[in-house]
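What follows is a set of notes on a single structure, which appears directly below.
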Amino acid sequence: MSDCFVLQNGVKMPKIGYGTYKCTDGSDARTVHMALEAGYRLLDTAAVYKNEEYVGEALRESRIPREEVFLTSKVWKTDLGYEKTKKSFEDSLVRLQTDYLDLFLLHWPKSSPDCPDWKKLVQESWKALEEFYHQGKVRAIGVSNFLPHHLKVLLESADVRPMVDQLELHVGYLQEAAVQYCKSWGIQVQAWSPLGRRRVLEEPLVIQMAQKYNVFPAQFLLRFLLQQDIGVIPKASSSERMQQNLKLPGIEITVEDMYLLRCLPQIGWGGEHPDLERVIVERP
């Protein structure tokens, strides 16, 4: 199996990346260094993570050639709109100490669930992303947390289709309608929180399946998504876990087991939805 997806414009994106959300804990770049040393070549960050400086520092100090690392960042939902998006992008480049990004995303489609002018703001922001793309400042552009009705609004005025949609996806929260919509438009789906939360990792069926295939539960959950051609950006704080998540055994989950897992009741949802107020769905 190839270790990269080919996006609709021909750009290659690693199937497994490292999610940097909360990985630095506002301190330093050590965890990002560990991820690069473990072999990750896709780093996912965002303006709102407040760690772009650390990601840039780790990449520079690693001495890995810039073109060998796929670097993703995102504009936060309160910075939607043409001018704000342009500023956010340029600020991210400065913090990351790079002159281009491999992927730049609109982080959320709405600044709040009841935002009255979100359609206009999304379309304006997308025009800014298209400009960066045509100028060669970013190799691919996309969105995050966009559901079909959000994508429809964007596509109505877009000259360049989104190449990636990053969604919360894991066993127990598969957003099948959004995934199928993306695939129908040639938009590569990438899963954030691909391991769900503790409840998903401790789900008896997941544990049973992992034992059946002789892998760790986290490895099984990642392979489940990859087998559906969904990219993954897991988080981990130890070198051992990083390597387990990246160097997956070459198992093939049976069709019957895939259907069983896809039909589980909802578990592990983080409580975030672009059209709803945040919901507390389970105790930490």
Side-chain angles (χ1 to χ4, degrees), residues 1-7 13-19 21 35 38-42 44 70 72 142 144-148 164-184 186-238 240-273 281-282:
M1 184 182 71
S2 168
D3 59 356
C4 287
F5 293 112
V6 180
L7 304 182
M13 181 180 78
K15 293 182 175 180
I16 305 176
Y18 182 70
Y21 179 54
Y40 286 88
R41 290 299 178 265
L42 186 158
D44 179 87
F70 193 98
T72 301
S144 178
N145 302 299
F146 274 55
L147 304 180
V164 174
D165 191 358
Q166 225 180 65
L167 297 165
E168 178 183 356
L169 294 172
H170 50 74
V171 166
Y173 194 68
L174 290 174
Q175 305 207 66
E176 299 270 11
V179 171
Q180 292 308 313
Y181 188 86
C182 286
K183 289 185 176 183
S184 73
I187 300 170
Q188 177 62 52
V189 178
Q190 189 180 52
W192 64 264
S193 193
L195 305 179
R197 284 149 188 82
R198 186 175 64 188
R199 185 177 167 190
V200 179
L201 284 163
E202 295 177 355
E203 169 65 30
L205 181 61
V206 170
I207 294 173
Q208 175 188 331
M209 290 278 189
Q211 292 172 342
K212 173 182 175 179
Y213 289 92
N214 196 30
V215 293
F216 293 104
Q219 293 178 318
F220 180 74
L221 291 170
L222 295 176
R223 179 60 70 191
F224 168 77
L225 292 170
L226 288 166
Q227 197 165 312
Q228 299 174 72
D229 291 324
I230 295 171
V232 293
I233 43 173
K235 293 187 299 181
S237 56
S238 74
E240 181 182 14
R241 289 289 176 86
M242 287 178 184
Q243 292 184 36
Q244 286 176 4
N245 291 345
L246 181 63
K247 298 164 185 174
L248 301 179
I251 63 169
E252 183 77 15
I253 303 171
T254 67
V255 172
E256 292 81 2
D257 288 345
M258 290 291 288
Y259 278 130
L260 177 57
L261 290 159
R262 290 173 68 178
C263 293
L264 280 179
Q266 180 174 292
I267 53 172
W269 175 44
E272 292 181 281
H273 190 286
V281 292
E282 61 182 35

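Note that the coordinates shown come from a computational prediction; the quantities given were computed from them, not determined experimentally.
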Spacing of Ile251 atom CD1 and Ile253 atom CD1 [to the nearest 0.5 Å]: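 Atom-to-atom, Ile251:CD1 and Ile253:CD1 are 5.0 Å apart.
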CE-OG distance between Met242 and Ser237, expressed to the nearest 0.5 angstrom: 7.0 Å
Partners meeting ring-ring contact (aromatic ring centres under 6.0 Å, His included) with Phe224 (sequence neighbours left out):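 Checked Phe224 against ring-ring contact (aromatic ring centres under 6.0 Å, His included); zero matches.
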Answer yes or no: is there a donor N or O on one side and an acceptor on the other, between the side chain of Tyr40 and the main chain of Gly19, under 3.5 Å?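 Such a contact is absent between Tyr40 side chain and Gly19 backbone.
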Excluding sequence neighbours, so at least two apart, what forms side-chain hydrogen bond (donor to acceptor under 3.5 Å, both in side chains) with [X]?
X      : answer
Glu256 : none
Gln219 : none
Asp165 : none

With side-chain contact (heavy atoms from CB on, under 4.5 Å) as the test, would you mind laying out the steps for Leu248 and Ile16 before giving the verdict? CA-CA 10 Å; Leu248 301 179; Ile16 305 176; 3.9 Å; yes
Decide yes or no for [X] and [Y]: does some side-chain heavy atom of the first lie under 4.5 Å from some side-chain heavy atom of the second?
X      : Y      : answer
Val164 : Leu7   : yes
Tyr18  : Asn245 : no
Leu225 : Val171 : no
Met13  : Gln190 : yes
His170 : Leu221 : no
Lys183 : Ile187 : no
Asp3   : Pro14  : no

Do Asp44 and Trp192 have a side chain donor and acceptor closer than 3.5 Å?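 The criterion, which ignores hydrogens and geometry beyond distance, is not satisfied for Trp192 and Asp44.
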Does any donor atom in the side chain of Arg197 or Ser193 lie under 3.5 Å from an acceptor atom in the other side chain?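 Yes, side-chain donor-acceptor contact under 3.5 Å.
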Looking only at heavy atoms, which two atoms of Gly17 and Pro234 are closest? And how far apart? O-CD, 3.2 Å
Can you name the nearest heavy-atom pair linking Ala177 to Pro148, along with the distance?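 It is O-CG, 4.1 Å.
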Would you please test Ile233 and Tyr21 for side-chain contact (heavy atoms from CB on, under 4.5 Å) and show each step? CA-CA 10 Å; Ile233 43 173; Tyr21 179 54; over 6 Å; no
Arg262 with Glu176: basic N within carboxylate O range, under 4.0 Å: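 A salt bridge is present here (some side-chain N lies under 4.0 Å from a carboxylate O).
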Once side chain to side chain contact (heavy atoms under 4.5 Å, CB included) is applied, do any residues pair with Leu147, and if so which ones, sequence neighbours excluded? His149, His150, Leu167, Gln175, Ala178, His273, Pro274, Asp275
Between side-chain atoms of residues 200-218 and protein atoms elsewhere (two or more places apart, or another chain), which donor-acceptor pairs fall under 3.5 Å?
from	atom 1	to	atom 2	distance (Å)
Lys212	NZ	Asp257	OD2	2.7
Tyr213	OH	Thr254	N	3.1
Tyr213	OH	Asp257	OD2	2.6

As a quick check of understanding, evaluate side-chain contact (heavy atoms from CB on, under 4.5 Å) for Tyr173 and Glu168, giving each step before the final call. CA-CA 8 Å; Tyr173 194 68; Glu168 178 183 356; 3.9 Å; yes
What do you reckon, is CZ of Arg241 surrounded by more than 12 foreign heavy atoms closer than 6.0 Å? no
So which of Val189, Leu222, Leu174 actually passes side chain to side chain contact (heavy atoms under 4.5 Å, CB included) with Ile230? Val189
